[in-house]
Amino acid sequence: MSIKVRFAPSPTGYLHVGGLRTALYNYLYAKKNDGKIILRIEDTDQSRKVEGAVENLISTFKNIGIEFDEGPSQGGDFGPYFQSQRLDIYKDYIQKLILNKSAYPCFCSSDRLTKIREKQSENKEPIKYDRHCLSLADSEINSRMNNEKYVIRLKIPNEGEVIFYDQVRGKVSIECKEIDDQVLIKTDGFPTYHFANVVDDYLMGITHVMRGEEWLPSTPKHVLLYQAFDWKLPKFIHLPLLLNPDKSKLSKRQGDVAVEDYLSKGYLSETLINFVGLLGWHPKDDREIFNLDELINEFSIKRVQKSGAVFDKEKLNWMNGQYLKEMKISTILNRVVPIFEDAGIDISDTRKFSAVVENARQRVSTLPEMIEHSIPFYSEINFIEEDKLILTSESSQKVFKVLSDKLLNSNDLQEINIKQYIKEAGIETNVKGKDLFLPIRLVLFGEKHGPDIALIISILGKKESIKRLTNFH
RNA sequence: GGCCCGUUCGUCUAGUGGUUAGGACUCAGGGUUUUCAUCUCUGCAACAGGAGUUCGAUUCUCCUACGGGCUACCA
């Protein structure tokens, strides 16, 4: 049987990095096994609708390189792929459950529900519905259904336990008496997640349900639903949670969680895929740098971790830096253009721009950080008083004069030649070491630390270098 | 409170019934760079605790502790 998985987010406005990880593992598993992955939008909560959320989600996936075989934008044979457009389907299927006594209508008001919960909480009892409406007579049910608002609840068996086998955690079991009579259809006629999810996974031919661990406790309800329909169970794979540094579930409160935020902060999509891929999964060997295809090749559910993983920004930074250092310069140039333009840097001299970026990429972990390493090549330098003292010293002035003359008379400003000129300037002026190099770098670049002087001069060019060297008298 | 799941360096993790418990990030120190960064080398640092099984447990079982998740007409 061919494999089919799904990523089923609710459209809350942005793609959560935890969502990215879930989507990624689904994608990797599908591609690894010649299966299919679908995108299904779980928009059954009317009150949480966010305008443009779905479009944003789809475009983020596009940016990051994860493609779906079926979904809102590409269609498919199992649509619609919005749950809000599948209401008739849920209506049909809930009838089957009511008929076979696996589900029942409930007319209890939310006030009453709140009250029994409060009481249960006071008495330290498990909090669940008291089945007040389960024993209603058929005649009463029929008349009230015409006149009152109601929900449909799942009837959990009184006895026994639900057992299922999670592909990551193994056997999981829970007593039926611990499970609440879950609402399946809300008063507004929309299904709850639990119901829509099971019906859709079945109808869409999903073979493997891979989702976050937060769903583990409600999986028994889903299992019962499959059994009530007499449907074959999919395989369940519950992925470990992504965590804040304090080990709680990764949340907005403790920093960025939107993939879009990381992208706009200058993290590469390649890094995000790679980094998040390694959170909760590990290859056979100790390799850490993987592109998407390599991840597909290596991925296996057997190597998925059981425990949660802290999202460590330090390591993310390191990894992004690795990508920046290894990537083709042309690729980086393309991505960095808008950032340089925003910073007001004139990049029309493409040879200079390329050399500047080549220098900056070695020194940063994100794209925007390149700006600070590049600005000295483009704009005039404002020296602080302390630095002016260094530049106007007798020895500095001697060195600047000799060096600028050498540059002026040179026809070939290769780095190797420049190095030679500096050396000669040192000998001729009898200035050595720190006293030689520091002032030159300072006058040319405005910083005491930075790129190799020969590199600075070669990027600046003859004219600009001489200008900067002779600016201080 | 109840239920479910989890626990190897600070973090991501490898690993096995007998290993000097390995790698990566971070941090510290050395080398390269007459600067910085890169790179490189070295170092610091972990099997939650207690029983049991066993000749031997980090590895298997149980208990405890701790952590997390769930406990909605949210997903």
Side-chain angles (χ1 to χ4, degrees), chain A residues 8-12 42-48 83 106 108-110 113-114 117 120-129 149-153 166 168-170 172-175 177-180 182-194 196-197 211-220 238 240-241 243 245-249 275 278-289 303 305-319 321-322 325 359-364 373 422 426 432-438 440-442 445 447-453:
Chain A
S10 66
T12 52
E42 311 233 328
D43 55 351
T44 55
D45 186 353
Q46 294 277 279
S47 65
R48 294 220 303 186
Q83 289 186 328
C106 167
C108 293
S109 68
S110 54
L113 261 18
T114 311
R117 281 189 198 118
Q120 285 165 341
S121 179
E122 267 175 43
N123 297 341
K124 307 207 167 182
E125 291 165 12
I127 292 163
K128 49 189 282 203
Y129 181 54
K149 293 211 161 198
Y150 61 92
V151 302
I152 307 291
R153 287 182 182 273
D166 183 88
V168 170
R169 280 147 232 285
V172 178
S173 64
I174 181 168
E175 298 280 341
K177 64 172 195 274
E178 304 287 350
I179 309 172
D180 200 2
Q182 180 65 49
V183 170
L184 266 18
I185 302 287
K186 306 181 237 181
T187 44
D188 63 1
F190 278 70
T192 58
Y193 167 82
H194 306 282
N197 154 262
R211 79 233 297 193
E213 196 193 346
E214 70 264 35
W215 295 108
L216 198 59
S218 53
T219 304
H238 286 94
L241 259 23
L243 272 25
D246 72 355
K247 303 254 188 189
S248 59
K249 189 161 103 174
F275 183 69
L278 254 29
L279 253 28
W281 171 85
H282 198 276
K284 283 195 197 74
D285 55 22
D286 283 325
R287 188 147 82 100
E288 297 201 287
I289 302 299
R303 301 192 65 86
Q305 201 78 12
K306 286 187 179 72
S307 50
V310 173
F311 190 92
D312 180 7
K313 292 211 180 81
E314 297 270 17
K315 189 149 184 177
L316 207 218
N317 285 336
W318 166 79
M319 189 178 278
Q322 294 298 302
K325 284 171 191 74
N359 167 65
R361 74 192 292 203
Q362 301 295 332
R363 303 172 165 273
V364 299
H373 293 280
I422 297 168
K432 301 184 234 208
K434 203 179 160 191
D435 293 337
L436 173 65
F437 288 86
L438 191 145
I440 300 177
R441 179 175 293 104
L442 185 60
F445 198 67
E447 302 281 341
K448 288 172 191 151
H449 305 297
D452 191 80
I453 294 171

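From a predicted model like this one, the values you see are computed outputs, not experimental measurements. Chain letters run A, B, ... following the sequence lines, proteins first and then strands; every chain starts at 1.
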Which residue lies toward the 5' end of RNA chain B, Pro245(A) or Asp286(A), if each is placed at its nearest nucleotide?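 Nearer the 5' end of the strand: Pro245(A).
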
On RNA chain B, check which nucleotide each of Ile185(A) and Arg441(A) is closest to and give me the residue with the more 5' one.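 Final value for this comparison: Arg441(A).
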
Distance in angstrom units between Phe275(A) CZ and C25(B) C1', rounded: 9 Å

Atom CG of Asp246(A) and atom C1' of G69(B): how far apart are they, to the nearest Å? 14 Å

Separation of the [atom1] atoms in [N] and [M], to the nearest angstrom:
N: G17(B); M: U58(B); atom1: C1'; answer: 10 Å
N: U42(B); M: A51(B); atom1: P; answer: 39 Å
N: C44(B); M: G23(B); atom1: C1'; answer: 16 Å
N: C60(B); M: C70(B); atom1: C1'; answer: 30 Å
N: U11(B); M: C47(B); atom1: P; answer: 12 Å
N: U34(B); M: C12(B); atom1: C1'; answer: 38 Å
N: U7(B); M: U13(B); atom1: C1'; answer: 14 Å
N: C62(B); M: A46(B); atom1: P; answer: 28 Å

Got a donor-acceptor pair under 3.5 Å from the side chain of [X] to the base of [N]?
X: Thr187(A); N: C73(B); answer: yes
X: Arg169(A); N: C5(B); answer: no
X: Lys284(A); N: A14(B); answer: no

For [N], give its Watson-Crick or G-U wobble partner with both distances under 3.5 Å, or none.
N: G1(B); result: U71(B)
N: U42(B); result: A28(B)
N: U7(B); result: A65(B)
N: G18(B); result: C55(B)
N: A37(B); result: none

Quick check on [N]: is either OP1 or OP2 less than 4.0 Å from any side-chain nitrogen or oxygen of [X]?
X: Lys313(A); N: C12(B); answer: no
X: Lys247(A); N: U11(B); answer: yes
X: Thr192(A); N: C74(B); answer: no
X: Arg287(A); N: U13(B); answer: no

Output the single nucleotide from [options] whose closest atom is nearest the side chain of [X].
X: Ile127(A); options: U11(B), U71(B), C73(B); result: U71(B)
X: Trp215(A); options: G69(B), A75(B), U13(B); result: A75(B)
X: Ser10(A); options: A75(B), U34(B), C5(B); result: A75(B)
X: Glu214(A); options: G23(B), A75(B), G15(B); result: A75(B)

Run the side chain to side chain contact (heavy atoms under 4.5 Å, CB included) test on Leu278(A) and Met319(A) for me, step by step, so that the C-alpha distance in whole Å, both residues' side-chain angles and the decisive distance to 0.1 Å come before the verdict. CA-CA 11 Å; Leu278(A) 254 29; Met319(A) 189 178 278; 4.1 Å; yes

Assign [X] to base, sugar-phosphate, or nothing according to its heavy-atom contacts below 4.0 angstrom with the strands shown.
X: Val183(A); result: sugar-phosphate
X: Lys186(A); result: base
X: Arg361(A); result: nothing
X: Gln305(A); result: sugar-phosphate
X: Val364(A); result: nothing
X: Asp452(A); result: base
X: Ser173(A); result: sugar-phosphate
X: Gly280(A); result: sugar-phosphate

For residues His238(A) and Arg211(A), is any side-chain donor paired with an opposing acceptor at under 3.5 Å?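 On atom types as modelled, these side chains qualify, holding a pair under 3.5 Å.
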
Looking at Lys306(A) and Glu213(A), is any side-chain nitrogen of the basic one under 4.0 Å from a carboxylate oxygen of the acidic one?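 Looking at Glu213(A) and Lys306(A), the cut-off is not met.
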
Determine whether the aromatic ring centres of Tyr193(A) and Trp215(A) lie less than 6.0 Å apart.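 Ring-ring flag for Tyr193(A)/Trp215(A): true, centres closer than 6.0 Å.
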
Ignoring hydrogens and geometry, is there a side-chain-to-backbone donor-acceptor pair from [X] to [Y] under 3.5 Å?
X: Asp43(A); Y: Ser10(A); answer: no
X: Thr192(A); Y: Ile185(A); answer: no
X: Asp312(A); Y: Glu314(A); answer: yes
X: Lys149(A); Y: Ser109(A); answer: no
X: Thr114(A); Y: Ser110(A); answer: yes

Do any N or O atoms of the protein come closer than 3.5 Å to N or O atoms of nucleotides 38-42 of chain B, and which pairs are they?
{"unit_1": "C39(B)", "atom_1": "OP1", "unit_2": "Gln322(A)", "atom_2": "NE2", "d": "3.4"}

Would Glu214(A) and Lys249(A) satisfy side chain to side chain contact (heavy atoms under 4.5 Å, CB included), going step by step from the backbone distance to the final call? CA-CA 9 Å; Glu214(A) 70 264 35; Lys249(A) 189 161 103 174; 4.0 Å; yes

